[in-house]
Each structure stands twice: as C-alpha cells, then as structure tokens.
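Data block below; observations after.
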Amino acid sequence: MCIRDRYMGNNKYFQGWHIMKIFYDYFSSEDELISDSYNIVPLEEFNNVIGEVEARFMTKGEENIDIGCGNAFDQPAGEEQKNDDNKVVVIDVLDSFGYQESPFSKKDYQTYIKGYMKKLLEKITASEPAKVDNFKEGAKKFVMWVQANFDKLTFYTPQSYECENMIILSYFKNGEDKPPVFLYFLDGFRVVKM
C-alpha cells in the first residue's frame with residue numbers, strides 16, 4: 001500500500017477526494033497529453049477507438065487576486081483601476097499541455113499514421129487481442145475521415161515535439177466562434193493516477 005492510499009484511503013477527512021488521472025502518451029514517458037479534468041468522449045462512429053475532448057476559451061493575464069488586504073499592494077487609494085491590456089484569450093487544452101502545432105501534408109500524415117497504427121496494433125495484440133478487429137475497423141474509418149476532412153484539421157505534437165508517437169488533431173466542430181475539439185487515439189494513452 002502506498003503512503004497516499006494509507007492516509008487518504010481510509011481517512012474520513014479525505015473521503016470523496018478525487019484522485020486525478022493524467023493521460024500520457026503510451027510510447028513516451030514524458031508527454032502528458034490530457035487529464036480527466038476534461039471530459040474524454042469515445043466516438044461511436046469510429047468504434048470508440050477515438051476520443052474527443054471539447055476545449056474551452058480561457059482569458060489569461062494580469063489576474064487581480066485579493067488576499068484580503070483590499071488595494072494595499074496594488075495602487076494608492078483613490079487611484080483608478082488600471083487597464084488590463086495584457087489579457088489574452090487562449091485555448092485551455094493548448095495552454096495546459098503545451099501542444100505544438102505541426103504542419104502535415106496528406107502524404108506526410110499517411111506515412112505517419114501507417115507507422116503509428118503498426119505500433120498501436122502491436123500493443124493491442126499483446127495486451128488485449130480481443131480488441132484487434134474493432135481497433136482495425138475503427139482506425140480505418142478514422143483515417144478515411146481524416147483524409148476527407150484534411151483541410152479542416154490542425155495537427156499537434158506533444159510538448160516534446162515527438163512526431164513518432166501520438167499526433168493530436170483538432171477542428172472547429174461547432175463553428176469557428178466556439179472552441180475546437182481535440183481527437184486522440186484512446187489506446188495510445190498510458191493512464192497514471194495522481
């Protein structure tokens with residue numbers, strides 16, 4: 001039993017605490033891709049091989065944090081509140097996990113996806129052989145969808161710029177004035193509980 005379980009598991013003060021899950025790239029020890037604070041929805045149209053995360057817009061910059069002393073540390077009394085020109089709107093998933101946009105041509109993506117599918121298929125065959133046929137069918141549907149919608153997609157590498165492992169895709173499913181959704185191969189995750 002680990003120390004966290006010893007103190008949190010049976011301790012009435014920690015009952016109901018959520019143990020956070022971080023989803024790492026299965027083939028990389030350092031690439032944190034997403035956490036369970038985002039709702040990962042398996043997509044039935046791809047046999048639940050692909051998961052979708054809806055991002056949110058978030059405003060960052062010059063947060064006004066009051067520690068209970070009012071205006072004591074910010075500006076002299078009576079002076080007007082300063083203008084927050086340093087605020088910027090970001091996409092929360094990109095900001096939190098540091099994805100790097102990576103250009104792909106259709107040919108480049110086709111080359112990448114063949115190699116990545118081979119790695120994933122080897123992993124699934126070794127760990128869950130009953131899922132192999134479903135994975136092959138769902139992955140094939142997804143690759144065909146990517147080819148048909150290629151110009152609407154944006155491609156990202158994880159923060160480490162590792163191009164051999166999972167490439168994350170995004171697109172504006174609900175219009176360009178709404179945040180994008182991000183697409184992941186669910187079998188490409190390694191889950192770590194924190």
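Judged purely by atom type and a 3.5 angstrom limit, Y99 uses its side chain to pair as donor or acceptor with the backbone of L33. At least one donor-acceptor pair under 3.5 Å links the side chain of Y112 to the backbone N or O of I167. Q100 contributes a side-chain N or O that, together with a main-chain N or O of G98, makes up a donor-acceptor pair within less than 3.5 Å.
Across L169, L43, V146, a single residue satisfies side-chain contact (heavy atoms from CB on, under 4.5 Å) together with I50, and that is L43.
Relative ring orientation between F104 and Y109 is described as perpendicular, the plane-to-plane angle rising above 60° on a 0-90° scale split at 30° and 60°. Ring geometry, F185 versus F142: the interplanar angle exceeds 60°, so the pair is classed perpendicular (tilted spans 30 to 60°).
Judged as a side chain to side chain contact (heavy atoms under 4.5 Å, CB included), and not counting sequence neighbours, the contacts of K131 are I124, E128, D187. Applying the side-chain hydrogen bond (donor to acceptor under 3.5 Å, both in side chains) criterion to N48, with sequence neighbours excluded, gives no partner residue. Applying the side-chain hydrogen bond (donor to acceptor under 3.5 Å, both in side chains) criterion to D92, with sequence neighbours excluded, gives R56. Annotation: ring pair (Phe, Tyr, Trp, His ring centres under 6.0 Å) contacts of Y171 (sequence neighbours excluded): W145. For the side-chain hydrogen bond (donor to acceptor under 3.5 Å, both in side chains) test, no residue two or more places apart in sequence or in another chain qualifies with Q159. Take K136 and apply the side-chain hydrogen bond (donor to acceptor under 3.5 Å, both in side chains) test, not counting sequence neighbours, and it matches no residue.
Contact annotation: the side chain of V49 never approaches that of K141 to less than 4.5 Å [non-hydrogen atoms, C-beta and beyond]. Side-chain contact check for F172 versus K152: every heavy-atom pair is 4.5 Å or farther apart. With a 4.5 Å cut-off on side-chain heavy atoms, D36 and V191 do not count as touching.
Counting non-hydrogen atoms of neighbouring residues, nucleotides and ligands closer than 6.0 angstrom, the CD atom of E44 reaches no more than 12 such neighbours. Environment of CD in E54: sparse, with no more than 12 heavy atoms of neighbouring residues, nucleotides or ligands closer than 6.0 Å.
L94 contributes atom CG, which lies 4.0 Å from atom CZ of F182 (distance to the nearest 0.5 angstrom).
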